[in-house]
Amino acid sequence: MAVVSIQKVKLVALKKDEKKLMSVLQRQGVMEITKIEQSEKGREAVRPENLHEIELNVANLDFAIKSLKPYERKRGLLEGPLLLSEEEIEKKVKEYDFAEIVEECQKIEAEMVKNKNLLSSLESEEVMFLPWKELPYKLDKIDEVSQFKIIIGAISKMDYEEFEKELENLSPLQNIEKITETESAAYVAVIFQKDIESKVRELNMKSKFIVTDLPEKPHTVADELDRIKKEKAKTVKNIEKLEDELKKLGKESESLKVSHDYYVWERDSLAAKENFGNTEYSFAVTGWMPLLSIEKLEKAISKETKNFAIFKIEKEENEESPVAILNNRAFSPFEAVTKIYGLPLANEVDPTPFLAGFFIIYFGLCLTD
């Protein structure tokens, strides 16, 4: 239950064993590789040519996995997690054509976004037209009256009667027709002589009458709402059809995840090569690792080759070592809480055991509140 002692080390081995030892380092996961000073013959760090392609594979697979996540098949309790050896994973990935699945997911996602945007637009139109459902005029004929003009809009129910009276005072040749109303507003059509339009508009401003400009259509609002309803139903069916296609592809999730993990491993392996110092016959890499894990790493590497050496080296001036904490099984879940607020310095005490008790109590209080 303390801060782990971290040691800076250098691993030197033969170049012919580089790929095997890369795999060992990645499997062990105990070494944080850092950039090192390269030898003259190996000073030019060459970015692997296929690293970009692998990064693209990872991104595409990640997109497909997220798209299919709601539709993936859940493994049963009796099945347990999928366990594959490195050889089985590599064989599966080589035989599996994920590009076709990714392309299909991309096409479906594009169609899904298109249909959802259309549905949202139709719903907005429906909200705009709904208060005017009973308007008897065709939307492109509202102003086509020789001596009169029609304005439609909404006004507060509290102001409606006063507005009606003042409109009557402007001219006897006018009419106000209530189309519909809600708890707070009345939706009306105002018909008046064109020669008093400026006075009517002044009255509108005074009475906080909100003029509505509906788009011109060769039919009534009721017809337009009927069209929107049919278009919405068609769009919803399209979305359901696309979801059915995603459900069918959901069975591919497991294979996509295996491919994703494989290419992530490949990407990390190739990226780590940029941190390796090379000579003509050997390579070297430096990094930080827990002091207690050095022996474990040496045993793992010795199974692959005897031609290697791990040296403990001193950190450079003003260089800060990484910090890691180690707790027993009872307290290890609470390390996440410590990491939220930041790890202690190498010469400080690990606060995890002290946080654990308080976290349980206060989390319990919050949960039952």
Side-chain angles (χ1 to χ4, degrees), residues 66-67 70 108-243 369:
K66 287 179 180 176
S67 297
I108 294 172
E109 184 67 21
E111 281 298 308
M112 187 73 82
V113 169
K114 178 181 173 183
N115 278 274
K116 285 184 176 180
N117 287 341
L118 175 59
L119 184 61
S120 178
S121 176
L122 289 168
E123 287 172 345
S124 297
E125 284 188 70
E126 188 176 43
V127 169
M128 176 179 67
F129 282 112
L130 207 53
W132 305 103
K133 185 178 180 179
E134 304 301 325
L135 191 69
Y137 316 111
K138 287 186 178 181
L139 291 169
D140 60 347
K141 304 290 184 182
I142 290 179
D143 277 344
E144 290 188 12
V145 183
S146 58
Q147 299 298 320
F148 292 87
K149 186 172 181 67
I150 301 174
I151 292 178
I152 61 174
I155 186 171
S156 168
K157 289 176 72 173
M158 294 175 61
D159 299 324
Y160 177 74
E161 289 186 10
E162 183 67 25
F163 176 76
E164 189 177 28
K165 288 178 183 178
E166 293 198 32
L167 189 63
E168 288 176 359
N169 294 334
L170 290 178
S171 171
L173 298 175
Q174 53 74 34
N175 182 53
I176 181 167
E177 183 178 350
K178 190 180 291 185
I179 307 301
T180 188
E181 62 181 355
T182 63
E183 290 184 5
S184 59
Y187 293 83
V188 300
V190 181
I191 306 169
F192 54 88
Q193 286 178 295
K194 287 184 177 179
D195 57 2
I196 64 166
E197 181 177 354
S198 61
K199 293 181 180 179
V200 171
R201 292 196 179 276
E202 285 179 15
L203 178 59
N204 288 348
M205 292 179 65
K206 176 184 174 183
S207 304
K208 298 179 181 178
F209 182 95
I210 302 172
V211 177
T212 301
D213 292 315
L214 295 177
E216 291 188 1
K217 303 284 181 180
H219 45 247
T220 63
V221 171
D223 294 330
E224 182 65 10
L225 285 170
D226 187 54
R227 181 197 70 79
I228 291 172
K229 183 179 178 181
K230 291 176 181 177
E231 193 70 22
K232 278 177 64 181
K234 180 182 174 182
T235 306
V236 169
K237 282 186 178 179
N238 288 341
I239 291 173
E240 289 173 350
K241 184 180 177 182
L242 291 169
E243 286 180 339
D369 187 14

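Distance CD1/I150 to NZ/K194: 10.0 Å, rounded to 0.5 Å. Atom CD in E134 sits 7.0 Å away from atom OG1 in T180 (nearest 0.5 Å). Atom CD1 of I210 and atom CE of M205 lie 12.5 Å apart (nearest 0.5 Å). To the nearest 0.5 angstrom, N115 atom CG is 5.5 Å from I239 atom CD1. With rounding to the nearest 0.5 Å, the separation of NZ in K133 from CD in E126 is 9.5 Å. To the nearest 0.5 Å, the span separating CD1 on I176 from NZ on K165 amounts to 13.0 Å.
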Practice task
Step by step, work out the side chain to side chain donor-acceptor pair (under 3.5 Å) result for D223 and T220.
Solution key: CA-CA 5 Å; D223 294 330; T220 63; 3.1 Å; yes
Exercise for the section: Evaluate the criterion side chain to side chain contact (heavy atoms under 4.5 Å, CB included) for residue pair L118 and N238; output intermediate values, then yes/no. Expected result: CA-CA 11 Å; L118 175 59; N238 288 341; over 6 Å; no
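Among pairs with a residue in residues 200-213, those fulfilling salt bridge (charged side-chain N to carboxylate O under 4.0 Å, His left out) read E166-K206, E197-R201, at least two apart in sequence or across chains. Identified under the ring-ring contact (aromatic ring centres under 6.0 Å, His included) test for residues 184-214, with sequence neighbours left out: W132-Y187, F163-F209.
Every residue two or more places apart in sequence or in another chain was checked for a salt bridge (Lys or Arg N to Asp or Glu O under 4.0 Å) with K237, and none qualifies.
Closest heavy-atom contact between L122 and E231: CD1-CG, 3.5 Å. Contact record, M128 with L214: CG-CD2, 4.0 Å, taken as the closest heavy-atom pair. For the pair A189 and I152, the tightest heavy-atom approach, listed with the atom from each and the gap, is CB-CG2, 3.9 Å. A pairwise comparison of heavy atoms in A186 and E181 identifies CA-CB, 4.1 Å as the closest pair. Of all non-hydrogen atoms in L119 and K232, the two that sit nearest each other are CD1-CG, 4.0 Å.
Under the salt bridge (charged side-chain N to carboxylate O under 4.0 Å, His left out) rule, E125 has a single partner from R227, K229, K217, which is R227. For the side-chain contact (heavy atoms from CB on, under 4.5 Å) with V113, the lone residue among K116, E109, E111 that qualifies is E109. For the pairing with Q174, the side-chain contact (heavy atoms from CB on, under 4.5 Å) check across L167, N169, V200 returns one residue only, L167.
No side-chain heavy atom of E183 sits less than 4.5 Å from a side-chain heavy atom of K157. Within the 4.5 Å cutoff, side-chain heavy atoms of I155 are placed close to those of S207. Within the 4.5 Å cutoff, no side-chain heavy atoms of E243 are placed close to those of P70.
Heavy atoms of other residues, nucleotides or ligands lying less than 6.0 angstrom from CG of L130 number more than 12.
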